Amino acid sequence: MSYAAFYQQSIQNPSAFWDEQARLIDWHKPYQQVLDTSQPPFAKWFVGGETNLCYNAVDRWVATQPDKAALIAISTETNTEKVYSFAELHQEVQRMAAIMLSLGVQRGDRVLIYMPMIAEAAFAMLACARIGAVHSVVFGGFASKSLATRIDDAKPVLVVSADAGMRGGKAVPYKPLLNDAIELAEHKPAHVLIVNRGLDAMTLVAGRDVDYAALRAQHMQTPVPVTWLESNEMSYVLYTSGTTGKPKGVQRDVGGYAVALAASMKHIYCGNAGETYFATSDIGWVVGHSYIVYGPLIAGMATIMYEGTPIRPDAGIWWSIVEKYKVTRMFSAPTAIRVLKKHPPELMKKYDLSSLKALYLAGEPLDETTSSWIATELGVPIIDNYWQTETGWPILSVARAIENTPTRLGSPGVAMYGYNVQIINEMTGAECGPNEKGVVAIRGPLPPGCMQTVYGDDQRFVSTYWANFAHEQLYSTFDWGIKDEDGYYFILGRTDDVINVAGHRLGTREIEESISSHPQISEVAVVGVEDKLKGQVAVAFATLKHPDAATTPEQKQALEAEVMAVVDKQLGAVARPSRVYFVGMLPKTRSGKLLRRSIQAICEGRDAGDLTTIEDPHSLAQIKDVVGQKV
Ligand code: AMP
């Protein structure tokens, strides 16, 4: 079948199409209805069906391939490497699940996971899935305030964490940040389960904190049966940034997600049971959920969990892993490839990479130079894929298992099956013609695997995502894009204030709020500025309550360092702006709206755009001035 025909089936008759795909997973009880769209824009998939993500990822493979590798945990930070077979993973997940049950976790309860890239993090996610608890993984690079916001929204009964992670050979303590976060949060989790790696001295809080190793020893043989869940029950909440300072909890179901992942593993990632998949992301991001933990395991593949950087001990490390574990499919982000490009390609050539069939890149725009370089060095297809935390799996790519659709440089590809993608004129709400720029939108119902709602806030789900266009209720991706005559899409940046730093999605509002908490800061604007390595970096412009306090370059430098330290402490180094400039005033419209786009344009050496509504043109001159200065 041609891909065009496959795609058309998915759009014209989604129920029949997904009914077929649903056979890729095991169901405990068949569903009565494939799709319920009685309350648009909400979509319910596989209504009445009962299944379980952990069962599909682990148990069903224990039956057919118990001794095959399932989870390969590699840390180049602690120099440890351990392979868990499906049978061993099954055991470990049950032990973790038994611990959770002993701590009072019940079906539907939230469990917050704040962990480095260690096997226990995957055990914890799968254990939640097994007992019907809802996990909310928070990226380990986030600091106490980010964590506190998420604790207050998710209201977890349990937090699973570790003493520390490690990066670049240095321990990165988690426990003190977690202690601070719980202190800051209004909601207090009943228990904190700590995996003590012996990396950072810490004390357990009596009555609250419990030691994983001690509890595991008590549950070595405790069987924990799978809890069968209705397809539309919640599997997890994953927070992501938007235009407000308050992160949105992307809520996902069970059955739809399992089917969507199984289908994507087959059609897009072309993975086969018994092979090895290596996604270099982190469990704190959506790629980690979909393509480190659930997707590969649901497909019966071994998955690699990697703690470390791409260049330590040298830039050959990832390729040595590919050789050793005969990785067939690899998933990374353009930034990582740009980092590797700075190192001698011989480090890659040293290894036998003949097992590798394709490299998938996502999370940020893939520039042509990076794409061509890595394609030449590796000699395998480089497949861009565009998607979001909200969708859980690719919106745009090529489905090579259906048809060998050629890729096009600069384009993430064509619309994936299930996604009725439209380019919409922002002003008129009309569909754009070929090569005409508009907002990338999706006509509902969204396919299985996409977010069900914003956790605890259906209204926010509708008003944020589904109320952006005149005439029709369409889902907005908040990305600009164009579609060419042949159906290839090109992504042209965000329509909102979300920025993308090294593939990490950050909200400028959150960074602004953090900077504003510094006592000297009066007002601040944060914008994303193009960067050769990271795609974008955050740059801040602030006004001071007492401008006289920082007039000399030394005073400004000292204040800049202080502001950065505030962001580090509250949000984490991942959100730290690359520069903080101090100005006398910020450019605003006469109605008081910050002209972030104009500031961004100036930083990137572009025209500042339409300034007819600007309150005071001097404000822009000041921005130009400070950006032009070398400090
Ligand atoms: P996240 O939710 O963190 O996955 O970030 C999603 C956003 O990252 C999208 O809305 C895009 O702005 C950007 N993005 C993700 N993948 C791609 C890609 N392949 N090409 C261009 N932009 C991308």
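Start at 1 and go down the list; that is how both ligands and their atoms are numbered. The shown structure was predicted, so the numbers you read here are calculated from the model rather than taken from an experiment.
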Enquirer: Suppose we call two aromatic rings close when their centres sit under 6.0 Å apart. Are Trp466 and Phe42 close by that rule?
Expert: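 No: the rings miss the under 6.0 Å criterion.
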Enquirer: May I ask you to decide if the ring planes of Phe139 and Trp285 are parallel, tilted or perpendicular, using 30° and 60° as cut-offs?
Expert: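 Answer is tilted, since the angle falls between 30° and 60°.
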Enquirer: Between Tyr360 and Tyr269, does the ring centroid distance fall short of 6.0 Å?
Expert: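 Yes, they do, as the ring centres are separated by less than 6.0 Å.
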Enquirer: Can you list, by chain and residue number, every protein residue with a non-hydrogen atom closer than 4.0 Å to ligand 1?
Expert: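 Residues near ligand 1: Gly363, Glu364, Pro365, Asp384, Asn385, Tyr386, Trp387, Gln388, Thr389, Asp479, Ile491, Arg494, Asn500, Arg505.
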Enquirer: Picking from Glu510, Glu390, Glu364, what satisfies salt bridge (charged side-chain N to carboxylate O under 4.0 Å, His left out) with Arg505?
Expert: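 Only one of Glu510, Glu390, Glu364 forms a salt bridge (charged side-chain N to carboxylate O under 4.0 Å, His left out) with Arg505, namely Glu390.
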Enquirer: Both conditions, 6.0 Å and 45 degrees, for the charged tip of Arg329 above the ring of Tyr291: are they met here?
Expert: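 That pair does not qualify as a cation-pi contact.
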Enquirer: Are any non-hydrogen side-chain atoms of Leu378 and Leu353 less than 4.5 angstrom apart?
Expert: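 Sidechains of Leu353 and Leu378: in contact.
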